[in-house]
Amino acid sequence: MDDPTHMLAEAREAPAAVARQLAADGTVYAALAARLRVAGPAGVLTVARGSSDHAAHYMAYLVMARLGRLVTSLPMSLVTLYSARLKAQGLLSLAFSQSGQSPDLVAPTRYLREHGATTVAVVNDAASPLAQASEWVLPLHAGAEQSVAATKSFITQMVAGARLVAAWEGSADLDAALAGLPEALERAAATDWSEALPVLRHTQRLYVIGRGTGHAAVMEVALKLKETCGIQAEAFSGAELRHGPMAIVEEGYPLLIFAPRGPAQSGLLALAEDMRARGARVLLAAPPGTPGAALQLVHTAHEDLDPIAAVQAFYPMAEALARARGLDPDRPRHLAKVTRTH
């Protein structure tokens, strides 16, 4: 395929999509944040699948780390299959989706709203069934996305989650950092990750490692490597790797380790060194100047936003890797753009 793929074009559109989102809906974020501060929720739920669930995981980590509130990922089958009588009064439910079409997102959201929860849809289609089922809608403003592999819609979901956390917390530093994010993403999109191609071109299995706020990013990376490149990539926390998965790391086993700034970085760098000593083939993604880093991670204006830039840098490499492996990243086998599950 000599023509540019939709995946690459759409990944490169993400900075502009983020700028559009940040310029819109300020009053909605402010009003929702004011409500959450006045009547703090009794609990927080996320409702999502696939890439959207990874974006929800990122927001959940920020909520727990910055606001001190525990967040639970809702197993949707409790509502759609088991008809569980969940006590929803006073809960905050945040449903993440690109299309907003899947019944197993819409039904729990409708149930939770009818039973007293505050429901929010973080969705690209503001007229979708999920948006209609929700009390509050936070549009992504990503624009149309033709590739099956979500890129700009995923990045805008991460931004929407960070934006809500900043508004809820009343954080001037995170809010200011978000304003500069499109420029940082432009730099990330232009980062050269070609050094990963010869390492990954013929690999069939891979661990992708991160931790803390960066764990959601490695979950997304592993999914995209499965989806677009046909690699059996599995995401693990750097700490979790030592509790069993490390047993299959042998000579030459490939590891892609993301070590952005933050409290988790030192442990991830130590893990990379340890794995190299065991004979693993380590691709380390880290900020410029980090010893042993093969792939560059761009700084944003706040370390909590660095995982967004990490995903932005990864997407063009994944697209190139898929083509190098003879695959069409726009049309992964057995997958469709809109997935409807129950």
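With hydrogens and angles disregarded, a donor-acceptor distance shorter than 3.5 Å links the side chain of Q21 to the backbone of T156. D125 contributes no side-chain N or O that, together with a main-chain N or O of G100, makes up a donor-acceptor pair within less than 3.5 Å. Side chain of R325 to main chain of R201: a donor-acceptor pair is present (N/O by atom type, distance under 3.5 Å, no hydrogens or angles). No donor-acceptor pair under 3.5 Å is formed between the side chain of R49 and the backbone N or O of S97. In this structure a side-chain-to-backbone donor-acceptor pair under 3.5 Å is missing from E10 to A150. The backbone N or O of T300 sits less than 3.5 Å from a side-chain atom of D306, completing a donor-acceptor pair. A donor-acceptor pair is defined here as one N or O able to donate and one able to accept, closer than 3.5 Å; such a pair exists between the side chain of S147 and the backbone of A149. Counting only distance, with no hydrogens or angles, the side chain of R37 and the backbone of A167 share a donor-acceptor pair below 3.5 Å. With hydrogens and angles ignored, the 3.5 Å screen pairs a side-chain donor or acceptor of N124 with a backbone N or O of A142. No donor-acceptor pair under 3.5 Å is formed between the side chain of D104 and the backbone N or O of S77.
Residues A309 and A188 share a closest heavy-atom pair of O-CB, 3.5 Å. Between T109 and A95, the shortest heavy-atom contact is OG1-CB, 3.7 Å. The two residues H299 and A184 come nearest to each other via the heavy atoms O-CB, 4.1 Å. Listed here is the closest heavy atom pair of H57 and M219: CD2-SD, 3.8 Å. What you find for S194 and P198 is that their closest heavy atoms are O-CD, 3.4 Å. In this structure, A272 and V282 approach most closely via the heavy-atom pair O-CG2, 3.9 Å.
A cation-pi arrangement is not found for R281 relative to Y253, the charged atom failing to lie both closer than 6.0 Å to the ring centre and inside a 45° cone about the ring normal.
Aromatic ring orientation, F236 versus Y207: perpendicular (interplanar angle above 60°, classes split at 30° and 60°). In this pair, F258 and F314 present their aromatic rings perpendicular. The plane angle is above 60°, beyond the 30 to 60° band.
Taking hydrophobic clusters as Ile, Leu, Val, Met, Phe, Trp and Tyr residues chained together by side-chain heavy-atom distances below 4.5 Å, M76 shares a cluster with V79. Grouping the Ile, Leu, Val, Met, Phe, Trp and Tyr side chains by contacts below 4.5 angstrom, directly or via other members, places I308 apart from Y61. Cluster annotation: L305 and V63 are assigned to the same hydrophobic cluster (Ile/Leu/Val/Met/Phe/Trp/Tyr, side-chain heavy-atom contacts under 4.5 Å, transitive). Residues V120 and L70 share a hydrophobic cluster, clusters being chains of Ile/Leu/Val/Met/Phe/Trp/Tyr side chains in contact below 4.5 Å. Put simply, V218 and M158 are part of the same group of oily side chains (I, L, V, M, F, W, Y) that touch within less than 4.5 Å, one to the next.
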Next item on the list: Report the C-alpha distance between T118 and W136 in whole Å, list the side-chain angles of each, state the deciding distance to 0.1 Å, and finish with yes or no for side chain to side chain contact (heavy atoms under 4.5 Å, CB included).
Entry: CA-CA 8 Å; T118 297; W136 298 81; 3.9 Å; yes
Next item on the list: Step by step, work out the side chain to side chain contact (heavy atoms under 4.5 Å, CB included) result for V44 and T72.
Entry: CA-CA 6 Å; V44 183; T72 300; over 6 Å; no
Check: V159 and L140: side chain to side chain contact (heavy atoms under 4.5 Å, CB included), yes or no, with the steps?
Finding: CA-CA 9 Å; V159 173; L140 301 181; over 6 Å; no
Next item on the list: Show your working on side chain to side chain contact (heavy atoms under 4.5 Å, CB included) between V199 and T203 and close with a plain yes or no.
Entry: CA-CA 7 Å; V199 177; T203 194; over 6 Å; no
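You'll find the side chain of P287 reaches within 4.5 Å of the side chain of Q265, heavy atoms only. Looking only at side-chain heavy atoms (C-beta outward), M59 and V165 come within less than 4.5 Å of each other. Considering only heavy atoms from C-beta on, L327 stays 4.5 Å or farther from T228 through its side chain. The shortest distance between side-chain heavy atoms of E319 and C229 does not fall below 4.5 Å. A heavy-atom distance below 4.5 Å is found between the side chains of T46 and V71. L255 has its side chain out of reach of L206: every pair of non-hydrogen atoms, C-beta onward, lies at least 4.5 Å apart. Side-chain atoms of Q146 and M7, non-hydrogen and from C-beta on, never get closer than 4.5 Å to each other. A heavy-atom distance below 4.5 Å is not found between the side chains of L94 and L45.
Residues Q296 and T191 bring no donor and acceptor atom of their side chains to less than 3.5 Å of each other. Side chains of T213 and D304: no donor on one and acceptor on the other come within 3.5 Å. A donor and an acceptor atom, one from each side chain of S51 and K224, are located under 3.5 Å apart. Of the N and O atoms on the side chains of S128 and Q101, not one donor lies less than 3.5 Å from an acceptor on the other residue. D25 and H141 form a side-chain donor-acceptor contact under 3.5 Å, judged by distance and modelled atom types alone. Using a 3.5 Å distance cut-off with no hydrogens or angles, the side chains of E145 and S153 do pair a donor with an acceptor.
Of the charged side-chain nitrogens involved, none lies within less than 4.0 Å of a carboxylate oxygen, so that E13 and R20 do not count as a salt-bridged pair. The pair R66-D173 meets the salt-bridge criterion, with a side-chain N (NZ, NE, NH1 or NH2) lying under 4.0 Å from an Asp/Glu carboxylate O. Under the 4.0 Å criterion applied to side-chain N and carboxylate O atoms, R113 and E135 are not assigned as salt-bridge partners. Ion pairing between E250 and R205 holds under the 4.0 Å rule for side-chain N and carboxylate O.
The hydrophobic cluster containing V123, built from Ile/Leu/Val/Met/Phe/Trp/Tyr side-chain heavy atoms closer than 4.5 Å, also comprises V137.
Separation of atoms CZ (F96) and OH (Y58) is listed at 10.5 Å; rounding is to 0.5 Å. Atoms CG and CD, on D53 and E220 in that order, are 11.0 Å from each other to the nearest 0.5 Å. Considering CZ of R35 and CG of L92, their distance stands at 9.0 Å, rounded to 0.5 Å. Separating the CG atom in L185 from the NZ atom in K152 is a distance of 14.0 Å, to the nearest 0.5 Å. Remark: L284 CG to R276 CZ distance equals 5.5 Å, nearest 0.5 Å. Residue T290 holds its OG1 atom at 11.5 Å from CG of L295, rounded to the nearest 0.5 Å.
The 12-atom threshold is exceeded at CD of Q132, counting heavy atoms of other residues, nucleotides or ligands nearer than 6.0 Å. More than 12 heavy atoms of other shown residues, nucleotides or ligands fall within 6.0 angstrom of atom CD in E240. Within 6.0 Å of CZ in R211 there are 12 or fewer heavy atoms belonging to other residues, nucleotides or ligands.
Among residues two or more places apart in sequence or in another chain, the ring pair (Phe, Tyr, Trp, His ring centres under 6.0 Å) test is passed with H115 by Y111.
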